[in-house]
Every structure is written in structure tokens, then in C-alpha cells.
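Only one structure is covered here, and it is reproduced in the block below.
Predicted model only: the values in this text are computed from it and were never measured. Values below: all heavy atoms of this structure, side chains included; hydrogens, waters and symmetry mates excluded.
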Amino acid sequence: SIGVKTDVVKRVPMEKTIRTVGTVKEDERRVSDVNAKIGGWIEHLYVDYTGKFVGKGQPLLDIYSPELVATQEEYLLAMESRERLKGSPFPEIAKGGVSLLESTRKRLELWDIPAAEIERLEREKKPRKTLTLYSPVSGYVLEKMAFPQMKIEPGMKLYTIADLSSVWVEADIYEYEVPFVKVGTPATLTLASLPGQQYSG
């Protein structure tokens, strides 16, 4: 009447099932922030809403930067100087033209200007008005802080992109249950949004 149960003594593994609730979250190792390394104004958005999937290398936005235009023009002038000075009988003068060109190219590279774009500049000798930012990873846009015509500063976060092909579930357990949980303990997950399906981890 009071629910007492009896059983034959036998050897069995000591197991305990813990039932709890958790929250599905992105794997923080698969989250990337997209920042501007140069100041300017956003001219065009290719990725214009949160939740959109983007592939690695896909264009995100175009930035108009007077500083970028000026540096490209400086690069072209450095190219002309190198050509004029390379025939100089004084090695120091010839070396100065090469050094100026290399330092200007390095500045473009530090702004993530692709090598192909620098080669285009050398070939066509025509500065581009805008810089295109590309996605560093494939994933979904979790945050979008970029808007058309917005002024941006170096270091400003414009997008947060996460690869959701693998996710974490953060679950809470009571302190007295901690001894029963360790790395490698199997877990089974069910989701309210997908009834009848189970996932293992």
C-alpha cells in the first residue's frame, strides 16, 4: 500500500538519469565578427537582414572611404616614382622609390584589399571609389549593425556570423547532481519544436 518494492540482489551498473531543460546556442568557436578596418560610409548592402545565410567569400557591403581613394592615388604616384628613379645612378634614390611603393602596398594589404584588386590598380591605374567587405566564414547572420549611408569607424562591428552546422545545448543541473556528470557522458535531447525526434550528444 505504501509503495515498497522488493527485488533479488544482483550486480548491475550504477546509473542515474538526470532530466533537465536547456537552451540551444551557437558554438562560440564558430562565431565570427566582421569589423571595418577603415573609416568611411556604407554605400551598398549585399546582406541586408538578420538570419540570412552567407557563404565564405560572399560580399557583405561596399564602403566609400576617402582615405582609401587617397592611398590608391598615392600607390599610383609611388609606381611612377619607382619607374622614374630606378635608372638613377645613385642606389639610395632608386631604393627610396621602391620603399615608398612597398609601404603603400602594405597599407592596402592591412586594410584587407585583395591582391587581385591591387593588381587591377597597377594594371588599369584607376582608383576604386569603394572597398568591398567579404564574409570570412559560411554561416547565418546573427546580428546586423550595418545600414545604408551609415558612417563607420575603424574597428566598428558590422555583422556577427555563426556556423550553425554544429550547436551547443546549455543545460542546468543541481549541485548534488554534479558527481553524476562528466565529459563524455551521453545525453539525449528532444525539442518542443520537433516532437517525436531525439538527438544524441
Side-chain angles (χ1 to χ4, degrees), residues 1-39 42 44-63 106 109-117 131-148 150-201:
S1 297
I2 63 172
V4 174
K5 294 180 181 179
T6 61
D7 200 355
V8 177
V9 175
K10 56 184 176 288
R11 230 175 247 282
V12 295
M14 294 290 285
E15 291 181 347
K16 180 177 178 62
T17 300
I18 299 173
R19 297 185 185 279
T20 185
V21 294
T23 306
V24 179
K25 289 183 159 287
E26 65 275 3
D27 180 344
E28 64 185 35
R29 299 166 300 178
R30 296 169 178 256
V31 178
S32 298
D33 288 335
V34 178
N35 302 288
K37 293 185 178 179
I38 190 170
I42 296 176
H44 179 72
L45 287 180
Y46 298 101
V47 177
D48 54 0
Y49 63 89
T50 304
K52 185 171 184 175
F53 179 82
V54 294
K56 184 176 181 179
Q58 181 177 332
L60 299 173
L61 52 80
D62 289 337
I63 301 171
K106 191 67 178 174
E109 290 172 349
L110 290 172
W111 285 338
D112 291 339
I113 307 295
E117 182 59 30
L131 165 68
T132 303
L133 288 188
Y134 298 91
S135 176
V137 294
S138 295
Y140 291 89
V141 177
L142 299 186
E143 292 181 282
K144 181 186 80 71
M145 287 69 74
F147 298 93
M150 184 175 85
K151 187 178 189 306
I152 60 173
E153 300 294 338
M156 184 181 288
K157 184 166 76 169
L158 301 173
Y159 293 93
T160 299
I161 300 172
D163 176 1
L164 301 179
S165 59
S166 174
V167 293
W168 286 354
V169 176
E170 292 186 356
D172 295 319
I173 63 171
Y174 292 106
E175 187 176 355
Y176 73 85
E177 296 173 323
V178 171
F180 302 105
V181 178
K182 62 182 184 296
V183 174
T185 299
T188 303
L189 167 73
T190 58
L191 298 170
S193 57
L194 297 170
Q197 294 191 38
Q198 288 191 343
Y199 300 89
S200 297

| query | Between the main-chain N or O of Pro114 and the side-chain N or O of Glu117, is there a donor-acceptor pair closer than 3.5 Å? | reply | no

| query | Within a strict 4.5 Å, meaning less than it, do heavy atoms of the Ser135 and Ile161 side chains meet? | reply | yes

| task | With sequence neighbours left out, write down each residue that passes salt bridge (Lys or Arg N to Asp or Glu O under 4.0 Å) with Asp163, or none if nothing qualifies. | result | Arg30

| message | Once salt bridge (Lys or Arg N to Asp or Glu O under 4.0 Å) is applied, do any residues pair with Lys16, and if so which ones, sequence neighbours excluded? | response | none

| request: Over all heavy atoms of both residues, which pair between Ala162 and Leu142 is shortest? Give the atoms and the distance, please. | output: CB-CD1, 3.5 Å

| Taking C-beta and beyond as the side chain, do Tyr159 and Leu133 meet within less than 4.5 Å on heavy atoms? | no

| Minimum side-chain heavy-atom gap Val34-Pro136 below 4.5 Å | yes

| Are the side chains of Leu61 and Val47 in touch, meaning some heavy atoms are under 4.5 Å apart? | no

| field | Verdict with supporting geometry, Phe53 and Val141, side chain to side chain contact (heavy atoms under 4.5 Å, CB included) | value | CA-CA 6 Å; Phe53 179 82; Val141 177; over 6 Å; no

| Atom pair CD1/NE2 of Ile63 and His44 - distance to nearest 0.5 Å | 13.0 Å

| said: To check you understand the geometry: which heavy-atom pair defines the closest contact between Met156 and Lys151, and what is its length? | reply: CE-O, 4.1 Å

| query | Under 6.0 Å from the NZ atom of Lys25, do we count more than 12 heavy atoms belonging to anything else shown? | reply | no

| remark: All heavy atoms of Pro148 vs all of Leu45, minimum pair found to be CD-CD1, 3.6 Å

| said: Do Val24 and Leu191 have side chains that approach each other closer than 4.5 Å (heavy atoms only, starting at C-beta)? | reply: yes

| task | Ignoring hydrogens and angles, tell me if any N or O in the side chain of Gln58 forms a donor-acceptor pair with the backbone of Gly55 under 3.5 Å. | result | yes

| said: Would you say that more than 12 heavy atoms from the other residues, nucleotides or ligands in this model lie under 6.0 Å from the NZ of Lys56, or not? | reply: no

| request: Identify, with sequence neighbours excluded, every residue that meets salt bridge (Lys or Arg N to Asp or Glu O under 4.0 Å) alongside Lys182. | output: none

| field | Residue pair Tyr140 / Glu26, side-chain heavy-atom distance below 4.5 Å | value | no

| request: Decide yes or no on side chain to side chain contact (heavy atoms under 4.5 Å, CB included) for Thr50 and Glu143, but give the supporting numbers first. | output: CA-CA 6 Å; Thr50 304; Glu143 292 181 282; 6.0 Å; no

| message | I'd like to check Leu158 versus Leu60 (side-chain heavy atoms, cut-off strictly below 4.5 Å). Are they in contact? | response | no

| Side chains of Asp172 and Thr20: is there a donor and an acceptor less than 3.5 Å apart? | no

| said: Just so I know, are the side chains of Trp168 and Arg29 near enough to count as touching, which here means a heavy-atom distance under 4.5 Å? | reply: yes

| query | Taking all atoms of both residues into account, what is the closest heavy-atom pair of Thr132 and Tyr46, and its distance? | reply | CG2-CE1, 4.3 Å

| query | For Tyr174 and Ile18, what are the C-alpha separation, side-chain angles and deciding distance, and is it a side chain to side chain contact (heavy atoms under 4.5 Å, CB included)? | reply | CA-CA 10 Å; Tyr174 292 106; Ile18 299 173; over 6 Å; no

| field | Approximate separation, where rounding is to 0.5 Å, of Leu131 CG and Ile38 CD1 | value | 6.5 Å

| remark: All heavy atoms of Asn35 vs all of Lys157, minimum pair found to be OD1-CA, 3.3 Å

| field | Stepwise side chain to side chain contact (heavy atoms under 4.5 Å, CB included) test for Ile152 and Ile42 | value | CA-CA 7 Å; Ile152 60 173; Ile42 296 176; 4.0 Å; yes

